[in-house]
Amino acid sequence: MWSPQSLLIPTSCASGSKWPYAPFYTRGRDIVNGRGDVVTWAGINWPMSGETMIPEGLEWKSASDILDDVASVGFNFIRMGYAIQMVDEIYERNGQDVSILDATTTALGVTNGTRVAEAIVARNPTWTMKTTRFEIWSDIAQAALHRGLFIHRTHVDGNAWFEDVDFPVFNWLRGLTYVAKWAKGHPNVVSMSLRNELRESWNRTDLYYNWMTLVGNMTAGMDAIHAANSDILVTWSGMQYDQDLSALTTGRNLLTAPCYKCTAIRDGRRRPPVVFDVDAHPWARKLVWELHLYAGSEDLDTGTCDVIEAGLYRNGFNALGIRPNAVGCTITEDCPPAVRLTPVIFSEFGHAQDASLYEDLMQNCIRRFTERNRVSWMMWALAGSYRIRSGTQGLVDTWGLTSADWSTWNDPATVEGYWKPWVRAMNVTRKE
């Protein structure tokens, strides 16, 4: 009878005596390796097809060549998605993971799915049609290790609030545990997320979307990961598509702290205050905050750089102990300091990959903010096309760094003139 305890961990798991000198910890505002060196990242999001749950682009180019492309820009960090559904299906199949062929034909149909599977295997000849999803992830992690690339596993699934239609908390905790155990075999997989872009449910109106529900569930998730793998860092995302961590970084009363679209706790002001205390938990030095920002935000003002920086400070980057933007804070009148120094990473932002990057206000505000305050970041995204997205097969994405067929960069000039200089300015941590 299969059990999750049978998940094998390779004996080649690296010790802290060689790169990347894991395990990593937090020290005040910084992430540090096992030697105590401060670690800085500048990286990219490598999406997976939500339907196939296999990283994009592998039908166009080998995993090794894609990783070489990533490294050629200077990036040292790759944020890669995974789905709890991947783990659910392993349990449903009594411990057997899903093969490339099964994954692609289920998502794309027999004809297109077989064609894509054949292309993936042709460009990655060490794989076969029977190679499984987690075997692909393991091979990519190993190849990234050789290139000095850190890997982060970020959790993505269709719905995005606890106990939503496709977000049962039991399965989520089980999946976090499985992935945390898998990461033990890969020393460059130094971090994983709890959940990507939490937000109000569009499916159910009886769920409590507020700070109390967030903290209760995310604490349970942290506990599950830490019990399975006490070495790995864990990133904790904020409310409203990961824009807002303000109640947590400032130590506000979770019963009454404001947040966009939150479910009110009507008697919150009559109850004893509830405050989230990171240091009350055994994983206190494994917690990393993460935030996102896009120009399409529903509630955040992105009209000037001063206001953008004031919002970033208020929503969680205050935990770095940085100086607030005085002009922006005069306008917003909402720039409280953090109660605890904690690392914060900018794990998503994005823009069309063309010359308009140079003139985009928010993009360049983020660039200056990360350079000045030494904020690790991951741009969205690598993929110039998706095998299927929003029901469309072969969808082209102009926000992707690669061309649609992954043969070159979408806009080579901005890779050379914009991304490479930004990465160099970050003085990122390199393999020795």
Side-chain angles (χ1 to χ4, degrees), residues 24-32 39-47 75-82 150-157 160-161 172 176 179-180 183 189-199 211 214-215 217-219 221-222 225-226 232-250 259-260 276 278 281 283-294 297 300 308 311-322 338 340-350 366 369-370 373-381 426 428-429:
F24 286 14
Y25 301 88
T26 67
R27 185 177 65 204
R29 60 151 285 161
D30 294 317
I31 294 168
V32 296
V39 174
T40 302
W41 296 318
I44 193 164
N45 285 270
W46 182 357
F75 295 132
N76 69 339
F77 190 96
I78 306 176
R79 186 172 179 258
M80 303 187 74
Y82 73 93
F150 297 98
I151 298 288
H152 171 89
R153 300 306 307 273
T154 188
H155 168 222
V156 293
D157 277 292
W161 194 245
W172 173 63
L176 294 178
V179 173
V189 181
V190 295
S191 57
M192 64 180 285
S193 78
L194 288 163
R195 175 72 202 198
N196 187 56
E197 294 196 340
L198 290 156
R199 54 197 180 272
W211 294 110
L214 175 79
V215 169
N217 285 286
M218 296 290 258
T219 297
M222 291 287 299
I225 293 172
H226 196 68
I232 198 165
L233 296 173
V234 185
T235 61
W236 180 315
S237 59
M239 303 287 269
Q240 183 55 18
Y241 293 90
D242 196 11
Q243 291 181 161
D244 185 7
L245 288 161
S246 58
L248 309 184
T249 62
T250 59
C259 71
Y260 185 62
F276 178 55
V278 175
H281 299 277
W283 35 257
R285 293 193 63 198
K286 296 294 183 177
L287 173 68
V288 177
W289 304 122
E290 63 171 312
L291 286 168
H292 298 175
L293 183 62
Y294 289 97
S297 169
L300 298 184
I308 289 170
L312 292 174
Y313 181 88
R314 179 260 184 199
N315 288 325
F317 282 104
N318 51 6
L320 294 176
I322 61 178
R340 180 186 191 271
L341 292 178
T342 308
V344 191
I345 64 173
F346 216 140
S347 55
E348 269 193 46
F349 55 88
I366 290 172
F369 181 81
T370 61
N373 296 302
R374 193 168 46 82
V375 177
S376 292
W377 53 265
M378 300 89 220
M379 62 86 72
W380 185 271
M426 295 302 300
V428 299
T429 302

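For clarity, every value in this text was computed on a predicted model and none was experimentally measured.
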List the atom of [X], the atom of [Y], and the distance in Å for their closest heavy-atom pair.
{"X": "Ala183", "Y": "Val189", "value": "CB-CG1, 3.8 Å"}
{"X": "Leu341", "Y": "Arg29", "value": "CB-N, 3.9 Å"}
{"X": "Trp161", "Y": "Arg199", "value": "CB-O, 3.3 Å"}
{"X": "Ser193", "Y": "Leu176", "value": "O-CD2, 3.9 Å"}
{"X": "Asp30", "Y": "Pro343", "value": "O-CG, 3.5 Å"}
{"X": "Ala319", "Y": "Thr249", "value": "CB-CG2, 4.1 Å"}

Item to complete: Assert yes or no for the condition that the ring centre distance of Phe369 to Phe317 is strictly below 6.0 Å.
Response: yes
Fill in: Ring centre gap for Phe349 and His292 strictly below 6.0 Å
no
Practice prompt. Classify the ring geometry between Phe75 and Trp377 as parallel (under 30°), tilted (30 to 60°) or perpendicular (over 60°).
Written response: perpendicular
Practice prompt. Return the orientation label for the His281 and Trp283 ring planes: parallel under 30°, perpendicular over 60°, tilted otherwise.
Written response: parallel
Can you sort out the partners of [X] under ring-ring contact (aromatic ring centres under 6.0 Å, His included), two or more places apart, ordered by chain and number?
{"X": "Tyr313", "result": "none"}
{"X": "Phe24", "result": "Phe150"}
{"X": "Trp289", "result": "Trp236"}
{"X": "Trp380", "result": "none"}

Mind checking the [atom1]-[atom2] spacing from [X] to [Y]? Nearest 0.5 Å is all I need.
{"X": "Met239", "Y": "Leu198", "atom1": "CE", "atom2": "CG", "result": "7.5 Å"}
{"X": "Ile345", "Y": "Thr40", "atom1": "CD1", "atom2": "OG1", "result": "12.0 Å"}
{"X": "Tyr294", "Y": "Glu197", "atom1": "OH", "atom2": "CD", "result": "6.0 Å"}
{"X": "Thr370", "Y": "Phe346", "atom1": "OG1", "atom2": "CZ", "result": "8.0 Å"}
{"X": "Trp211", "Y": "Ser246", "atom1": "CH2", "atom2": "OG", "result": "4.5 Å"}
{"X": "Met378", "Y": "Ile44", "atom1": "CE", "atom2": "CD1", "result": "11.5 Å"}

Worksheet item: Under 3.5 Å, is there a donor-acceptor pair linking the side chains of Gln243 and Ser297?
Response: yes
Worksheet entry | Ser191 and His152 side chains, donor-acceptor separation under 3.5 Å | yes
Item to complete: Evaluate the side chain to side chain contact (heavy atoms under 4.5 Å, CB included) criterion for residues Ser376 and Met426: first the C-alpha distance (whole Å), next the side-chain angles of each, then the deciding distance (0.1 Å), finally the verdict.
Response: CA-CA 8 Å; Ser376 292; Met426 295 302 300; 5.8 Å; no
Close side-chain approach of [X] to [Y], heavy-atom, < 4.5 Å:
{"X": "Tyr25", "Y": "Lys286", "result": "yes"}
{"X": "Leu214", "Y": "Cys259", "result": "no"}
{"X": "Arg79", "Y": "Glu290", "result": "yes"}
{"X": "Val344", "Y": "Leu291", "result": "yes"}
{"X": "Ile322", "Y": "Val375", "result": "no"}
{"X": "Leu300", "Y": "Asn315", "result": "yes"}
{"X": "His155", "Y": "Asn196", "result": "no"}
{"X": "Asn217", "Y": "Trp172", "result": "yes"}

Practice prompt. Take Ile225 and Leu194 through the side chain to side chain contact (heavy atoms under 4.5 Å, CB included) test and state the conclusion after the steps.
Written response: CA-CA 9 Å; Ile225 293 172; Leu194 288 163; 3.8 Å; yes
Fill in: Check against side chain to side chain contact (heavy atoms under 4.5 Å, CB included), Val179 and Met192
CA-CA 9 Å; Val179 173; Met192 64 180 285; 4.0 Å; yes
Item to complete: Not counting sequence neighbours, which residues clear side-chain contact (heavy atoms from CB on, under 4.5 Å) with Arg340? List them please.
Response: Val278, Asp279, Ala284, Thr342
Practice prompt. Determine yes or no for a side-chain-to-main-chain donor-acceptor pair under 3.5 angstrom, with Asn76 supplying the side chain and Thr429 the backbone.
Written response: yes
Fill in: Qualifying salt bridge (Lys or Arg N to Asp or Glu O under 4.0 Å) pairs, either residue in residues 311-322, two or more places apart
Asp244-Arg314, Arg314-Asp334
